[in-house]
K.L.:
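First the structure, which I've put down as structure tokens, then a few questions once you've had a look.
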Amino acid sequence: MTPMLQSWLRWVGYPYELAARLRLWGYEQGWFQTHRLPRPVISIGNLTVGGTGKTPVVMHVVDRLIAQGKRVAILSRGYRRRSKAPQVLVSDGRQVLVGPEEAGDEPYLMARRCPQAVVAVGADRYALGQWVLSRLPVDCFVLDDGFQHVQLHRDVNLLLVDATDPAGLRATLPIGRLREPLSAAARASAVLITRVDREQAGNQIWRQLQQACPTLSPPVSVGFPAEEFRRVGRDERRPLDAFHGRSAVIFSGIGNAGSFHALVAGLGITVIETLAFPDHVHYTDAMMEKIRARAKAGGIDLLVTTEKDADKVAPFLTADDACWAVRLRTQIVSGQERLERLLSLNPE
């Protein structure tokens, strides 16, 4: 990016930043109403566009709440879902009711990975929560991607920041990737620094946050280690060393394709080509043919994708496609006790 373009974008970004500040100030002054659901709400979100690991953290939080004996409902926008209904029940806590096209890829994945949780999608999360309560018994809500959804009161506000993306915190849109100024981190009950394999790995990000918000409490560090491979469209699993030394074409439609490339390469797989599609992409036969053609051109018979993409691409695979998804787990590297206190809904 040239200095002239960067300067122009910075000026364009000032109205965006001002609008974000004015919106929050309006809520603080009571000009806009904040709605409160009759059950506790735990929000999980971020400050930047792109992936910070919200989905695996949501699933981890839901699992911890269910382990406490709570009946949990996940409220998600269902970004890029094809259903036009204002509210869709993805799972009733017993069975998954709709597919990824109607639910959105991330809510569908949450419903599959957290089978005891209710999962619902809708743009107005307050109305969605009321709608869920009118149908099902719920003890608490988990708000997916809710940091900017300030019109809904939350009892715990978890902010995720990617340790591998310090540049993402330097400026607001359109020159940077911040949705709102970095000082907005002060709203967080806790900061979760993600994609951390050891506690010190998040130090650079933490220094940036502390400069903007000196009163923040020490962060929780979170990693997403790979757990296993799963054959897309089939009930077949392989250990992490199953493809060590093999070559692969990898593809994904996620917010941080670079992190996926690093993950696969770290498993000892030689990545011949990476196909990075837009986040929440809807796959087609033509896209699958493109992926196959790239693999064939390189003499590759191994395709690797993410768990989020797996269910969407499965209908377009043939019996000859050796396509595997990497399943991740969430690991709390440090700050486990503080996170558990927050999830008990009794932070002090």
Side-chain angles (χ1 to χ4, degrees), residues 6 9-10 13-14 16-25 27-28 41-58 60-61 142-150 153-224 254-256 258-259 262 330-343 347-348:
Q6 190 173 27
L9 285 174
R10 188 175 297 278
Y14 286 144
Y16 180 92
E17 182 174 341
L18 178 61
R21 290 181 184 275
L22 285 174
R23 175 175 175 265
L24 291 172
W25 188 70
Y27 276 102
E28 292 169 359
V41 173
I42 298 172
S43 171
I44 297 167
N46 57 16
L47 284 174
T48 56
V49 295
T52 55
K54 290 189 302 295
T55 299
V57 170
V58 167
H60 176 80
V61 166
V142 173
L143 182 61
D144 170 43
D145 195 12
F147 198 74
Q148 286 74 39
H149 200 75
V150 292
H153 169 83
R154 67 286 313 277
D155 299 86
V156 176
N157 208 16
L158 302 181
L159 173 63
L160 274 56
V161 184
D162 186 345
T164 67
D165 184 32
L169 303 184
R170 290 176 185 165
T172 54
L173 294 166
I175 192 171
R177 298 200 300 108
L178 283 170
R179 297 174 174 179
E180 53 184 320
L182 195 55
S183 58
R187 299 201 307 272
S189 306
V191 172
L192 277 62
I193 300 181
T194 61
R195 297 196 172 97
V196 171
D197 56 0
R198 63 190 189 286
E199 186 173 358
Q200 291 74 22
N203 285 350
Q204 181 181 357
I205 286 286
W206 181 236
R207 284 193 294 269
Q208 287 178 260
L209 288 169
Q210 280 189 307
Q211 287 175 2
C213 305
T215 60
L216 284 175
S217 299
V220 177
S221 298
V222 183
F224 304 122
I254 58 176
N256 190 335
S259 67
T330 299
Q331 179 183 41
I332 307 302
V333 177
S334 66
Q336 175 78 45
E337 290 185 5
R338 181 158 187 260
L339 181 60
E340 291 292 338
R341 284 199 303 273
L342 289 166
L343 297 186
E348 299 302 329

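The basis for the numbers below is simple: all heavy atoms, side chains too, and nothing from hydrogens, waters or symmetry mates. Here the structure is a predicted model, which means the values were calculated and not measured.
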K.L.:
Evaluate the criterion side-chain contact (heavy atoms from CB on, under 4.5 Å) for residue pair H60 and I332; output intermediate values, then yes/no.
P.N.:
CA-CA 10 Å; H60 176 80; I332 307 302; 3.8 Å; yes
K.L.:
Backbone N or O of P56 within a donor-acceptor pair of the T330 side chain at under 3.5 Å?
P.N.:
yes
K.L.:
Hey, does R187 have a side-chain heavy atom less than 4.5 Å from the side chain of V150?
P.N.:
yes
K.L.:
Could you pull out the closest heavy-atom pair between I193 and G202, with the gap in Å?
P.N.:
CD1-O, 3.7 Å
K.L.:
What's the spacing between L192 CG and T52 OG1 if we round to 0.5 Å?
P.N.:
9.5 Å
K.L.:
Taking S221 for the side chain and V333 for the main chain, is one N or O donor matched with an acceptor at less than 3.5 Å?
P.N.:
no
K.L.:
With distance as the sole test, does Q204 use its side chain to make a donor-acceptor pair with the main-chain N or O of P166 at under 3.5 Å?
P.N.:
no
K.L.:
Under a 4.5 Å cut-off applied to non-hydrogen side-chain atoms, are V57 and K54 in contact?
P.N.:
no
K.L.:
Closest heavy-atom contact between G146 and S43?
P.N.:
C-OG, 3.3 Å
K.L.:
Could you tell me whether the side chain of E180 and the main chain of T48 form a donor-acceptor pair under 3.5 Å?
P.N.:
no
K.L.:
Would you name the heavy atoms of L178 and G168 that are closest together and state the gap between them?
P.N.:
CG-O, 3.6 Å
K.L.:
Evaluate the side-chain proximity of W206 to L216: yes if any heavy-atom separation is below 4.5 Å, no if none is.
P.N.:
yes
K.L.:
As a test of understanding, state which of T194, L169, N46 forms a side-chain contact (heavy atoms from CB on, under 4.5 Å) with V161.
P.N.:
L169
K.L.:
Which distance, rounded to the nearest 0.5 Å, do you find between the CD of Q210 and the OG1 of T215?
P.N.:
10.0 Å
K.L.:
Rounded to the nearest 0.5 Å, how far does CG of D145 lie from CZ of R179?
P.N.:
4.5 Å
K.L.:
Tell me every residue that passes salt bridge (Lys or Arg N to Asp or Glu O under 4.0 Å) with R154, counting only those two or more places apart in sequence or in another chain.
P.N.:
none
K.L.:
Sequence neighbours excluded, which residues qualify as side chain to side chain contact (heavy atoms under 4.5 Å, CB included) partners of N256?
P.N.:
D162, T164, R195, S259
K.L.:
Keeping D155 on the side-chain end and V41 on the backbone end, is there a donor-acceptor pair under 3.5 Å?
P.N.:
yes
K.L.:
Work out which heavy atom in S183 is nearest to a heavy atom in C213; give both atom names and the distance.
P.N.:
O-SG, 3.4 Å
K.L.:
Is the shortest side-chain heavy-atom distance between V220 and L158 below 4.5 Å?
P.N.:
no
K.L.:
Is the closest side-chain heavy-atom distance between L182 and L209 below 4.5 Å?
P.N.:
yes
K.L.:
Can you name the nearest heavy-atom pair linking L47 to A184, along with the distance?
P.N.:
CD2-CB, 4.0 Å
